[in-house]
Amino acid sequence: MDPENLPKHFEAGGAEVRWDDFWQSEGIHKWEPSRPRDETFVVDTPPPTASGSLHPGHVFSYTHTDILVRFQRMIGKNIYYPMGWDDNGLPTERRVQNYYHVRCDPTAPYEDQLELAPASAKMRKKPPKKISRDNFIELCHRVTTEDEKTFMALWKRLGVSVDWNEQYQTIDDNCRRIAQFSFLDLLEKNQVFSSNAPSMWDVDFQCAIAQAEVEDRNIAGAYHDIEFGLSDTGETFTISTTRPELLPACVGVTAHPSDERYKHFFGREAISPLFRIPVPIFPSEIADPEKGTGILMVCTFGDATDVEWWRDEGLTLRQLVGRDGRLLPADFGSQTFPSLDPVEAEKNYSDLEGKTLKAARELIVSLLREDSSGFDGTRAALVGEPRLLEHSVKFFEKGDRPLEFVPTRQWFVRLLDKKKELIAKGNLIKWHPDHMRRRYEDWTENLSFDWCVSRQRFFGVPIPVWYPILENGNCDYKSPLVPKKENLPTDPTRDCPSGFTEEQRNQPGGFKAETDIFDTWFTSSLTPQISSHWGSNQERHQALFPADVRPQAHDIIRTWAFYTIAKAHLHEDSVPWKHATISGWILDPDRKKMSKSKGNVVTPIPLIDKYSADGVRYWAGSARLGVDTALDEKVFKIGKRLVTKIFNASKFVLTQDGHSAKPSSELDLAFLSELRSLVRRSTKAFEDFDQAHALMEIENFFWSRFTDTYIELVKVRARSIDNKNPQDQGSAIFSLRFGLSVLLRLFAPFLPFVTEEVWSWAYAEESGFKSIHISSWPKDAEFAHLETPNETTSLSIAIAALTAINKAKADGEVSMGRALERLVLSGQASDVDKLRSVAVDVTAAARCENYEIIIDDTIEKGSFQVKNIEFAPKPT
RNA sequence: AGGCACGUAGCUCAGUGGCUAGAGCGCCGCCUUGACACGGCGGAGGUCGGCGGUUCGACCCCGCCCGUGCCUACCA
């Protein structure tokens, strides 16, 4: 090749666009449905939340996956690598609310042709505009469509080799169909049920949430000691509570059965202060004598334990907290709120009604301080002062106020009875790294609620259910009406159940639509089935399910991984995938998790502009799976340097134009033998899902055995113009070109752009593979016909000799290119012997014609010393 | 509170039951050579978190401890 035809520098930005266009137009990443399953590699790609912001974590984990995929493609696999968009759900709703400054109000009328502009600062000062459910959903679609373009541009820029023909959105027709199909299948299997029971409720979003979305936060609270009385003898005892505002909802009192202090109370009745409500006192094994005063009040509902006691003891329901987090009206003297003194109770409650929990707490504490607040009206009920403490409280992960248990009708998937089976399924999956399996097991073992899948939100997959309305106007929730599977997807607020007409909607004798939608995870737990078109294309399902690999980060093992395993188990008694590859988190330079809420997120695009896509991929590729990794620009720099070096070294190798011959020189054979070993090691690492190790091996070899050494040693022989010895020159040229071809292919999964660029110069035509990415991964067989070197260490020996000479030149402060007039090199006898067969290359590289090699057994084995050196004069 | 992971050169990280523990970056000195100054050559730098144990031999295996991060639990 004429060096004049090759560019001076690698223009990464241009190459990234050029090669992505080429891959798309040539269909390099296209899945071929006709090829058999065992030749196919199926990826269950994480569908990003398109309305979220671009994050280096995306770049990181998608690059991990792409590296694996590109390796699999090169070993000949037919790749199924789709891209999904998880636009369904709360993040999109919030983005729409903020972007347009609107709120969904299901009672608002639909506005045809509603055109809204992004909200200005001025508009934001006014209350948000109320828009109908349908208008709101339209805006959600509009926003996600735009956001997906941004993400797609990032993936293409990064060289993520997905097949863009295989895209889905978790809200599209196929996904809605599959989510609803999943629900109907679970209903048939009796694995899903609706229940009107206290469940975890976020008072701000006014929505039920599932255990997986709960996080514990340590917040400040206080023990309040409150005196209760016994109805019969007037004895007293003191309970401790962090939630005094729930006193009106007290439905019982409990202590440990063996607690001597309280044993004699069991079976009797306590009277609460302020409201004078008689409640049963019962023993409970789970009451902790060490905590507080050892005896406590049970309320509906302060926490999950209250729910347990309420259910197990069959206690009265005194629901106090409304869906909006404010105290509901209470009718003292009624059956629900019996009071020994309804007038007094009513008076005490009058100011509490309608208050938020926080305000109610302050107010009730001041009431409890009053002299007549005690159970018999003779003294204050509050004992001492509240004692501050920090305790952990359950929050919705996206929420601002603690969760409440509110009785509401919700749909649940039955999981609590399947912990063992689910853990067994987890053991059928190979986790990378393996210890991530423990996260899954811990979570599964500790499940304490069935999966609540209904959400009182708007943008999501509708739950495909109607309820009959009885002639008396009541809803029959026990006998839901469901659509036929072939009629999915359906929207019960628009479609009618079969056998009914639209006129019967919301009429006695007619039906009522379920307006709740599914938890987003209900749909995204089906991504392998979404890819495989489960339920509508059995042939495709067989070909693509289970997937080969599920890539994801470790923070969503409890959600995405867990739910996906659960669904595959429930539906088909299967695992969803064979391997789970778990990427770590991205940490900022202070080693804090990079997250939107912490405000320390860096946008990835400028990093790509600065360090090139290959440079950024190098950073991701060098991190082991499961290891949290700092976003360290030093590593990007190293990547970029590697890209440049590959480009330059390739330029040198491919411009050596002499004819190629079967390698015969000892140095060349030793180099090729080491290369063969590299191919074995890096292939093994890839097969073990250890791409970082493969990269390290390849990179080390490239610098220390190829560019810095072998190329320098063989340079003179390869470019000798006079052709004194065509066989030696041909041997060098073959080894350089073949060596480069192997190294490029090893690098290709990591650095797809620069390797493709170089491949296109000569190898594409030579090999017949138009893209390096569909050429073949280096195989042991490619080395089989080569002779073996006399000494496996010949390259090392040559390098050691050259290093000694280089050191002498460095010490003499002359350039490495300075010619030598005389050189005496010494080493151990065995090393000297080995050096003879490569000395011609060493001395050529050192620019020395007059040399002598002597034996000195005092020198360390494997190294050489310069005994005498004379530099030629500096050329003018 | 239990579990998992991690703790190796100033920084980011490799590493193996076996001779004097490695790389890159950074630092110091030198070199503009014909692929590359978006470079090259050379150099300095570590009691491998601590204490015990197993072993002929431990950075590696075991136990305890310390520190960091995370997971799960705790929620009166």
Side-chain angles (χ1 to χ4, degrees), chain A residues 3 6 8-10 216-219 221 223-224 239-243 246 253-255 286-288 291-299 302-306 309 389-394 402 433 435-446 448 554-555 557-558 584-585 587 589 591-593 612 619 622-624 626-630 632-635 637-638 640-656 692-693 696-697 699-700 703-704 707-708 711-712 715-716 719 802-803 805-819 847 860-861 875:
Chain A
L6 296 177
K8 172 89 175 139
H9 296 300
F10 179 49
D216 292 349
R217 294 185 201 161
N218 277 325
I219 59 167
Y223 272 129
H224 300 75
I239 61 103
S240 267
T241 180
T242 56
R243 301 205 62 182
L246 293 179
V253 165
T254 187
I286 50 177
D288 180 357
K291 239 179 198 168
T293 53
I295 188 162
L296 65 132
M297 67 170 180
V298 178
C299 304
D303 59 29
T305 334
D306 279 348
W309 280 315
L389 84 157
E390 193 171 81
H391 61 159
S392 98
V393 174
K394 286 189 197 303
H435 68 256
M436 288 297 175
R437 175 199 316 277
R438 282 299 288 266
R439 300 276 188 98
Y440 170 78
E441 286 173 0
D442 282 352
W443 174 257
T444 307
E445 267 165 18
N446 285 296
S448 44
H554 55 75
D555 50 342
I557 289 175
R558 60 142 88 173
W585 284 339
L587 309 175
R591 313 218 42 94
K592 292 269 181 306
K593 185 191 175 188
S612 80
W619 161 73
S622 63
R624 280 166 31 236
V627 177
D628 294 344
T629 301
D632 182 354
E633 295 207 24
K634 281 190 299 194
V635 182
K637 262 188 210 165
I638 297 163
K640 192 179 180 194
R641 205 169 76 100
L642 174 63
V643 169
T644 303
K645 193 71 173 179
I646 290 172
F647 184 86
N648 287 323
S650 301
K651 239 170 34 175
F652 170 76
V653 169
L654 292 174
T655 48
Q656 302 312 304
H693 190 77
M696 192 198 70
E697 292 262 23
E699 184 192 9
N700 283 346
W703 286 106
S704 72
T707 62
D708 287 350
I711 286 184
E712 293 302 329
K715 206 176 234 180
V716 174
R719 70 178 169 220
L802 187 60
T803 300
I805 299 166
N806 284 344
K807 180 166 162 51
K809 285 181 175 174
D811 290 346
E813 300 192 352
V814 303
S815 85
M816 293 303 125
R818 183 73 73 89
R847 299 184 196 199
E860 194 182 330
K861 187 166 167 55

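A, B, ... follow the sequence lines: proteins, then strands. Residue 1 opens every chain.
- Between A/Ile711 and A/Val653 the shortest side-chain heavy-atom distance falls below 4.5 Å.
- The two residues A/Lys809 and A/Met816 have their closest heavy-atom pair at NZ-O, 2.9 Å.
- Residue A/Tyr223 is classed as a sugar-phosphate contact, given heavy-atom separations below 4.0 Å to backbone atoms only.
- When each of A/Lys593 and A/Asp303 is assigned the nucleotide of RNA chain B bearing its nearest heavy atom, the one mapping closer to the 5' terminus is A/Lys593.
- Residue ring and nucleobase are stacked for A/His9 and B/C38, with a centre distance beneath 5.5 angstrom and an angle between planes beneath 30°.
- Using a 4.0 Å cut-off, no side-chain N or O of A/Arg641 falls inside it from OP1 or OP2 of B/G24.
- For A/Glu712 and B/A35, a side-chain-to-base donor-acceptor distance below 3.5 Å is present, hydrogens and geometry of angles not being considered.
- Looking at heavy-atom distances under 4.0 Å, A/Lys8 makes contact with sugar-phosphate atoms alone, never a base.
- Within the structure, a side-chain polar atom (N or O) of A/Lys645 is placed less than 4.0 Å from OP1 or OP2 of B/G40.
- Scanning both residues, A/Glu699 and A/Ile638, for their nearest heavy atoms gives OE2-CG2, 3.9 Å.
- Straight-line distance from the NZ atom of A/Lys651 to the P atom of B/G39: 13 Å, rounded to whole Å.
- A gap of 15 Å separates the C1' atoms of B/C31 and B/C36, to the nearest Å.
- Taking only side-chain atoms of A/Arg438, from C-beta outward, the nucleotide of B/C4, B/A73, B/G42 with the closest atom is B/C4.
- Atom CG in A/Leu587 sits about 16 Å away from atom P in B/U68, given to the nearest Å.
- Distance from the side chain of A/Asn700 is smallest to B/A23 among B/C74, B/A23, B/C4.
- The side chain of A/Lys715 approaches B/C36 more closely than any other nucleotide in the set B/G3, B/G42, B/C36.
- Between B/C11 and B/G46, the distance separating the two P atoms is 13 Å to the nearest Å.
- Heavy atoms of A/Ala692 sit nowhere under 4.0 angstrom from any nucleic acid atom.
- Between the P atoms of B/G50 and B/G10, the separation comes to 14 Å (whole Å).
- Put simply, the side chain of A/Thr644 and the base of B/C36 share no donor and acceptor less than 3.5 Å apart.
- B/G17 and B/C61 have their P atoms separated by 9 Å, with the value rounded to a whole Å.
- Both distances falling under 3.5 Å, in either a Watson-Crick or a G-U wobble arrangement, place B/G67 opposite B/C6.
- With rounding to whole Å, A/Asp555 atom CG is found 14 Å from B/G69 atom C1'.
- Rounded to an integer number of Å, the gap from A/Gln656 CD to B/G34 C1' is 10 Å.
- Counting all heavy atoms, side chain and backbone alike, A/Leu246 lies closest to A/Met297 at C-CE, 4.4 Å.
- In this structure, A/Asn446 places its CG atom 10 Å from C1' of B/G3, rounding to the nearest Å.
- Between the CG atom of A/Asp811 and the P atom of B/G43 there is a distance of 8 Å, rounded to whole Å.
- Closest heavy-atom contact between A/Trp619 and A/Thr629: NE1-CG2, 4.0 Å.
- At distances below 3.5 Å, not a single donor-acceptor pair connects side-chain atoms of A/Asp708 with backbone N or O atoms of A/Ser704.
- Donor-acceptor pairing under 3.5 Å is lacking for the side chains of A/Asn648 and A/His9.
- Nucleotides B/C59 and B/U20 place their C1' atoms 15 Å apart, quoted to the nearest Å.
- With salt bridges taken as basic N to acidic carboxylate O contacts below 4.0 Å, one links A/Asp555 and A/Lys593.
- Comparing B/C74, B/C70, B/U72 by their nearest atom to the side chain of A/Asp442 picks out B/U72.
- Side-chain to base pairing of A/Asp216 with B/C74: one donor and one acceptor N or O lie within less than 3.5 Å of each other.
- In this structure B/G52 sits in a base pair with B/C62, meeting the Watson-Crick or G-U test at under 3.5 Å.
- The partner of B/A37 cannot be assigned: no Watson-Crick or G-U wobble pair with both contacts below 3.5 Å exists in any strand.
- Nearest heavy-atom pair across A/Asp628 and A/Trp585 is OD1-N, 2.8 Å.
- Rounded to whole Å, the distance from CD1 on A/Ile557 to P on B/U72 is 9 Å.
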Pairwise N/O distances under 3.5 Å, protein to nucleotides 27-32 of chain B:
{"residue": "B/U32", "atom": "OP1", "partner": "A/Lys874", "partner atom": "NZ", "Å": "3.0"}

Identify the pairs formed between an N or O of the protein and an N or O of nucleotides 5-13 of chain B at a distance under 3.5 Å, and give each distance.
{"residue": "B/C11", "atom": "O2'", "partner": "A/Lys634", "partner atom": "NZ", "Å": "3.0"}
{"residue": "B/C11", "atom": "O2", "partner": "A/Lys634", "partner atom": "NZ", "Å": "3.3"}

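- Seen from the ring of A/Trp703, A/Arg641 counts as a face-on cation partner, given the 6.0 Å and 45° thresholds.
- The base-pairing partner of B/G17, taking Watson-Crick or G-U wobble contacts with both distances under 3.5 Å, does not exist among the strands shown.
- Nucleotide B/G26 has no partner under the Watson-Crick or G-U criteria, as no pair reaches both atom distances under 3.5 Å.
- Remark: the separation of the P atoms in B/U8 and B/C51 is 16 Å, to the nearest Å.
- Side-chain atoms of A/Arg558 and A/Thr444, non-hydrogen and from C-beta on, never get closer than 4.5 Å to each other.
- When each of B/C41, B/G24, B/U20 is scored by its nearest atom to the side-chain atoms of A/Asn806, the top-ranked nucleotide is B/C41.
- Distance noted for atom C1' between B/A58 and B/G18: 10 Å (whole Å).
- As judged by a 4.0 angstrom heavy-atom cut-off over every strand, A/Ile295 is placed among residues making no nucleic acid contact.
- The nearest pair of heavy atoms linking A/Phe647 to A/Lys8 is CE2-O, 3.8 Å.
- Under the Watson-Crick or G-U wobble criterion, with both distances below 3.5 Å, B/A1 is paired with B/U72.
- Between the CG atom of A/Asn218 and the C1' atom of B/A73 there is a distance of 13 Å, rounded to whole Å.
- Atom name P, nucleotides B/A9 and B/C60: the rounded distance is 15 Å, in whole Å.
- Counting heavy atoms from C-beta on, the side chains of A/Thr241 and A/Tyr223 never come closer than 4.5 Å.
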